[in-house]
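Heads up, the thing below is written out as structure tokens.
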2 protein chains.
Amino acid sequence: MVQKYQLEDKVLLAVDCIIFGFDEEDLKILLIKRNFEPEKGKWSLMGGFLKRHENLNMAANRILYQLTGIEQIYMEQLYAFSEVDRDPAERTISVAYYALINIKEHDKTLSDKHSAKWHSVTELPDLIFDHPEMIIKAMKRLRRRVSSKPIGFELLPEKFTMRQLQKLYESILGEKLDKRNFINKINALDILIKLEEKDMNSSRKGSFLYQFDAEKYQQKVEEGFSFKL
Amino acid sequence: MVQKYQLEDKVLLAVDCIIFGFDEEDLKILLIKRNFEPEKGKWSLMGGFLKRHENLNMAANRILYQLTGIEQIYMEQLYAFSEVDRDPAERTISVAYYALINIKEHDKTLSDKHSAKWHSVTELPDLIFDHPEMIIKAMKRLRRRVSSKPIGFELLPEKFTMRQLQKLYESILGEKLDKRNFINKINALDILIKLEEKDMNSSRKGSFLYQFDAEKYQQKVEEGFSFKL
DNA sequence: CCCTTAAGTGTTAATTATACATTTCCAAAT
DNA sequence: ATTTGGAAATGTATAATTAACACTTAAGGG
């Protein structure tokens with residue numbers, strides 16, 4: 001038997017998830033109304049505690065599943081928040097994760113059960129603890145990532161239009177982009193499949209639908225290609 | 001009194017530090033010989049446990065001070081490592097930090113006390129646990145950061161030559177850079193002070209010494225400038 | 001005073017990024 | 001059948017940035 005680290009302080013380790021979704025125009029975050037103390041009734045990120053048999057990724061997956069019913073969610077560890085008094089109830093360190101989901105495809109009975117609601121990142125409600133700080137950090141990380149990895153597609157339905165993709169990038173980056181330059185760049189990357197099919201909702205003419213070609217992307221990466229937008 | 005989170009599992013929270021230094025030619029990491037079980041006698045990153053009254057940054061600072069005697073060290077939180085069996089002695093989550101120091105200016109009596117040695121990143125010894133993974137992640141982070149923030153100077157003495165700076169970037173980025181282009185870029189940033197003084201060690205002619213102008217940099221940042229190399 | 005060695009220095013070509021306006025297509029209304 | 005409205009689709013010219021490249025200078029040591 002190996003000797004243990006006697007006498008060292010132990011702490012509660014929480015995982016909080018910044019869940020991003022995209023709805024036509026706006027980047028949104030899924031927030032829950034806390035139904036337990038402290039700060040019961042306030043808005044909060046979905047969270048939970050790390051269990052003995054789990055690593056942090058597993059905990060984050062479990063927590064994301066609880067709220068969305070989705071099993072394979074794109075997520076990334078963000079940062080460990082550790083101010084001594086960040087949670088007034090008890091010393092708790094929280095490791096924040098951000099996740100990207102298709103806003104149309106989560107289980108609404110589950111999110112309703114947690115009184116969860118989507119909030120536009122531009123008008124967030126009052127949040128508990130250091131959750132605003134977590135969200136700011138998540139936004140920054142997402143902004144950087146989305147320019148160097150093809151993760152934006154996680155926020156869109158499988159088939160999407162160029163305009164949707166552009167709107168997505170605009171709302172993440174917080175700036176207007178030139179339509180032609182955007183399309184030229186995307187096409188130059190050569191990682192989308194243009195479908196025959198059109199989306200007829202946005203205009204009479206309709207606009208072509210595209211799909212992300214994950215295999216082609218993978219192959220290009222192995223050949224030294226790197227996504228850059 | 002607020003209610004506590006009963007029944008949740010608590011864990012030990014460690015902090016491990018990847019301490020980078022730069023010695024003429026090579027990017028190096030300061031490693032210690034572990035003088036306690038488990039894995040006593042093997043190489044390891046300097047680490048310690050989070051204490052009740054500390055946040056993670058404070059713990060990292062404390063640990064860095066213990067080994068180097070330096071109080072204001074540039075450091076950044078890297079990632080939380082949480083595999084269930086990462087430490088065979090006991091369930092421990094470790095939050096890794098990386099730090100940049102001037103290799104010439106740490107307290108050698110302290111590092112000797114921990115049997116610490118500098119190892120070139122290109123020839124690292126066997127390390128305990130998941131420390132190799134931590135180092136890989138730190139290298140990647142450092143590579144990205146060094147191109148977008150003027151943190152490389154943390155690894156150099158206050159006065160340095162252009163050649164030293166270039167060698168530093170080359171060893172961090174792992175690629176040769178063109179001398180003229182490098183100097184042109186650096187000069188275009190306009191954040192260095194060229195001194196009258198020359199360093200006569202490297203050549204007969206001697207090479208001019210430079211200093212990072214932190215104030216000027218700050219001012220430029222406030223005016224919207226962003227470092228890019 | 002000649003040799004050695006690293007320091008210092010600019011220009012051109014290639015690539016990449018930006019700015020920008022017109023035509024096409026389709027359905028709905030007449 | 002024809003017109004009309006509204007978003008989709010499309011390419012080029014210019015500017016800005018990045019990459020490639022070789023000779024001269026300075027100073028100490030022999």
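The chains referred to below are lettered A, B, ... by the order of the sequence lines, with proteins before strands, and numbering in each begins at 1.
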Separation of atom [atom1] in [X] from atom [atom2] in [N], rounded to whole Å:
| X | N | atom1 | atom2 | answer |
| --- | --- | --- | --- | --- |
| A:D178 | D:dA9 | CG | C1' | 13 Å |
| A:L189 | C:dA17 | CG | P | 10 Å |
| A:L165 | D:dA8 | CG | C1' | 15 Å |
| B:Y210 | C:dG8 | OH | C1' | 9 Å |
| B:R180 | D:dA22 | CZ | P | 8 Å |
| A:K179 | D:dG6 | NZ | C1' | 11 Å |
| B:L177 | D:dC21 | CG | P | 15 Å |
| A:Q166 | D:dA9 | CD | C1' | 13 Å |

ask   = Do the side chains of A:F81 and A:V95 get nearer than 4.5 Å, heavy atoms only?
value = no
ask   = Considering heavy-atom distances to DNA chain D, does B:K185 or B:S203 have its closest nucleotide positioned more toward the 5' end?
value = B:K185
ask   = Which residue lies toward the 5' end of DNA chain D, B:K198 or B:K228, if each is placed at its nearest nucleotide?
value = B:K228
message = Just by distance, no angles: are the side chains of A:Y65 and A:E71 close enough, under 3.5 Å, to form a donor-acceptor pair?
response = no
message = Whether the A:S207 and A:D199 side chains hold a donor-acceptor pair (N or O, under 3.5 Å, no angle test) is what I'd like checked.
response = no
inquiry  = I want to confirm an ordering. Mapping A:N181 and A:G206 to their closest nucleotides on DNA chain C, which one lands closer to the 5' end?
reply    = A:N181
inquiry  = Taking the six-membered ring of A:Y210 as reference, does the cationic atom of A:K194 (NZ for Lys, CZ for Arg) lie under 6.0 Å from its centre and within 45° of its axis?
reply    = no
request  = Tell me whether the centres of the aromatic rings in B:W43 and B:H131 are closer together than 6.0 Å.
outcome  = no
Is there a side-chain polar atom (N or O) of [X] under 4.0 Å from OP1 or OP2 of [N]?
| X | N | value |
| --- | --- | --- |
| A:R163 | D:dA8 | yes |
| B:R204 | C:dT4 | no |
| B:S202 | C:dA7 | yes |

inquiry  = For D:dA26, does the base pair up with any side-chain atom of B:K205 as donor and acceptor (N or O, under 3.5 Å, distance only)?
reply    = no
